[in-house]
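For reference, the structure is listed below as structure tokens.
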Amino acid sequence: MQQFIFLLTSLNGMHKPNFSTQLLKALQQKSTVTILVAMVDFEAVWTVRQYLNQLATKNRRVKDVKLLTLADLFAEEPGLALTAEERHTMDLSDFEQRLFAADQEQIKRYLSKGHMVAELRQVDDDTPMSLRQYQADQLTQVDTYGLDGTVVGIEKIQNEVAQTSYLLNQHGEAVLRFVRHERPIEHVYNLSATSAMLATQFADAKQVASAATMSKRQLEKAEANTVDKTQIITTTEAYYGVLAYSNYRRFSDIYAFYQAILSRLLTPETRLYVDLTVNAHFSPQMPNQLIFNY
């Protein structure tokens, strides 16, 4: 039986008009349609649920979509018990509490001497979504809850960025660990007097000026000072290493991990959709798989 799988790797991809267009077209085929939410940002799963609920108000067929999360896939996998420091549970009973109503959710903020120590997002009193922990007014940890009210993901935050994330099984053990790394990458630009991108007197500072933003006098001066040359600009790129605690298998990057989990789901009749933005990274992992883009 034919099935459609949409691999969702970012909220930006979900908000692309072509995502909903392709999703609705797939639903017209009266086949099984699955959205696999594979984001390291576990809290984003709730945003996906809200988006689909909104989409369902315009098209009732969206209610037939099967939403599959990493927590669902690994709920029964064996894991590793986290230490008390790694888990870092909070007792919120002693803090001042303030309740705020927001769109489609409630927010409870917990204060200690005027400083926020935690923020609980919830659909209602019985359905928590995420708990954000703060130290010295800085976000340090995000616990994400599943539909049953148990914690399914923990993200350790530094400088507002998740550096280490744990996916938990149904017993509260870590089954996956995602670690964020950075590596330098080089962009090579071949510049000449006739190129759209001109090297200027600020080359030492690695600044590249666009002719479209320069006045005629500035353009003439830049062209006069420009010689054919190659400009190399070094930036940093973030990537994730993944460790599966069930068998201690390591994945060098997130795309190799995606390939591994999709291999559990794909059949010869599967039509796979992937965000065009990541297709260049993803396709080499599955050279024999026909991939459609949104």
Side-chain angles (χ1 to χ4, degrees), residues 4-27 33-59 62-63 65-74 102-107 119-123 127-132 139 141-147 151-168 176 178-180 182 237-240 242 253-255 257-259 261-262 265 272-282 291-294:
F4 295 79
I5 295 179
F6 288 78
L7 178 67
L8 197 56
T9 55
S10 72
L11 291 178
N12 287 337
M14 181 186 72
H15 289 300
K16 288 183 175 180
N18 199 36
F19 173 78
S20 57
T21 299
Q22 296 298 335
L23 180 65
L24 295 177
K25 285 183 178 180
L27 288 168
V33 178
T34 301
I35 296 178
L36 174 57
V37 185
M39 288 175 276
V40 180
D41 178 8
F42 306 131
E43 189 181 14
V45 170
W46 287 99
T47 303
V48 177
R49 290 192 178 105
Q50 292 172 346
Y51 175 81
L52 292 178
N53 288 338
Q54 291 175 348
L55 204 58
T57 62
K58 303 175 182 178
N59 191 315
V62 177
K63 293 182 179 180
V65 171
K66 179 181 179 182
L67 187 66
L68 188 62
T69 69
L70 293 180
D72 297 326
L73 282 174
F74 290 89
D103 185 31
Q104 301 186 58
E105 63 186 67
Q106 297 175 358
I107 298 176
E119 180 181 77
L120 178 65
R121 294 178 57 222
Q122 53 189 18
V123 177
T127 314
M129 295 190 292
S130 64
L131 176 67
R132 294 173 166 238
L139 181 63
Q141 181 170 315
V142 179
D143 296 349
T144 297
Y145 296 86
L147 290 172
V151 175
V152 296
I154 300 171
E155 298 168 71
K156 299 291 186 177
I157 312 296
Q158 294 180 14
N159 299 321
E160 301 183 351
V161 177
Q163 301 295 337
T164 303
S165 303
Y166 299 98
L167 183 77
L168 308 186
L176 294 173
F178 301 85
V179 179
R180 184 180 185 272
E182 289 187 352
E237 176 186 60
Y239 69 100
Y240 289 90
V242 186
D253 61 43
I254 196 72
Y255 302 104
F257 170 70
Y258 290 157
Q259 186 276 330
I261 58 176
L262 281 169
L265 307 172
L272 176 63
Y273 286 82
V274 174
D275 187 351
L276 180 61
T277 305
V278 301
N279 191 63
H281 300 284
F282 189 77
I291 299 175
F292 297 87
N293 297 127
Y294 60 80

Quiz item: Tyr255 vs Phe282 aromatic rings, parallel, tilted or perpendicular, using cut-offs 30° and 60°?
Solution: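 Judged by the thresholds at 30° and 60°, the geometry between Tyr255 and Phe282 is perpendicular.
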
Can you find a heavy atom in the side chain of [X] that is under 4.5 Å from one in the side chain of [Y]?
| X | Y | result |
| --- | --- | --- |
| Leu36 | Leu73 | yes |
| Leu68 | Leu265 | yes |
| Ile35 | Leu52 | yes |
| Leu70 | Ile261 | yes |
| Thr127 | Gln122 | no |
| Trp46 | Thr144 | yes |
| Ile107 | Glu119 | yes |
| Gln22 | Phe292 | no |

To the nearest 0.5 Å, how far apart are [atom1] in [X] and [atom2] in [Y]?
| X | Y | atom1 | atom2 | result |
| --- | --- | --- | --- | --- |
| Ile157 | Glu155 | CD1 | CD | 5.0 Å |
| Leu168 | Phe74 | CG | CZ | 13.0 Å |
| Met129 | Arg121 | CE | CZ | 4.0 Å |
| Thr69 | Leu167 | OG1 | CG | 7.5 Å |
| Leu131 | Ile154 | CG | CD1 | 10.5 Å |
| Leu8 | Leu67 | CG | CG | 8.5 Å |

Exercise. In sequence, state the C-alpha distance, the side-chain angles, and the governing distance for Val40 and Arg180, and then conclude on side-chain contact (heavy atoms from CB on, under 4.5 Å).
Key: CA-CA 10 Å; Val40 180; Arg180 184 180 185 272; over 6 Å; no

Exercise. Identify, with sequence neighbours excluded, every residue that meets side chain to side chain contact (heavy atoms under 4.5 Å, CB included) alongside Val33.
Key: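 Result, side chain to side chain contact (heavy atoms under 4.5 Å, CB included) vs Val33: Phe4, Phe6, Leu23, Ala26, Leu27, Val65.
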
Quiz prompt | Partner set under side chain to side chain contact (heavy atoms under 4.5 Å, CB included) for Gln259, not counting sequence neighbours | solution =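 For Gln259, the residues satisfying side chain to side chain contact (heavy atoms under 4.5 Å, CB included) (neighbours in sequence not counted) are Ser263, Gln285, Met286.
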
Quiz prompt | Modelled atom types, side-chain donor and acceptor of Asn18 and Thr21, under 3.5 Å | solution =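 No.
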
Quiz item: Does Tyr258 use its side chain to pair, donor to acceptor, with the backbone of Ala38 at less than 3.5 Å?
Solution: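 The answer is yes, because a donor-acceptor pair under 3.5 Å joins these two groups.
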
Which residues pass the side-chain hydrogen bond (donor to acceptor under 3.5 Å, both in side chains) test with [X], not counting sequence neighbours?
| X | result |
| --- | --- |
| Gln141 | Asp143, Lys156 |
| Asn293 | Asn279 |
| Asp275 | Lys16, Thr277 |
| Ser165 | none |

Quiz item: Step by step, would you call Phe19 with Asn12 a side-chain contact (heavy atoms from CB on, under 4.5 Å)?
Solution: CA-CA 10 Å; Phe19 173 78; Asn12 287 337; over 6 Å; no

Which atoms form the tightest heavy-atom contact between [X] and [Y], and what is the distance?
| X | Y | value |
| --- | --- | --- |
| Tyr294 | Thr9 | OH-N, 4.3 Å |
| Val152 | Ala71 | CB-CB, 3.8 Å |
| Ser20 | Leu55 | CB-CD2, 4.2 Å |
| Val62 | Ala56 | CB-CA, 3.9 Å |

Quiz prompt | Pair Leu7-Val278, side-chain contact (heavy atoms from CB on, under 4.5 Å): steps then yes or no | solution = CA-CA 11 Å; Leu7 178 67; Val278 301; over 6 Å; no

Quiz item: Around Glu237, counting heavy atoms of other residues, nucleotides and ligands shown, do more than 12 lie under 6.0 Å from its CD?
Solution: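 Enclosed.
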
Quiz item: Does Gln163 CD have over 12 foreign heavy atoms under 6.0 Å away?
Solution: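 Atom CD in Gln163 is packed in, count exceeds 12.
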
Exercise. Kindly state whether the ring of Tyr240 and the ring of Phe257 have centres lying under 6.0 angstrom apart.
Key: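 So the answer is no for these two rings.
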
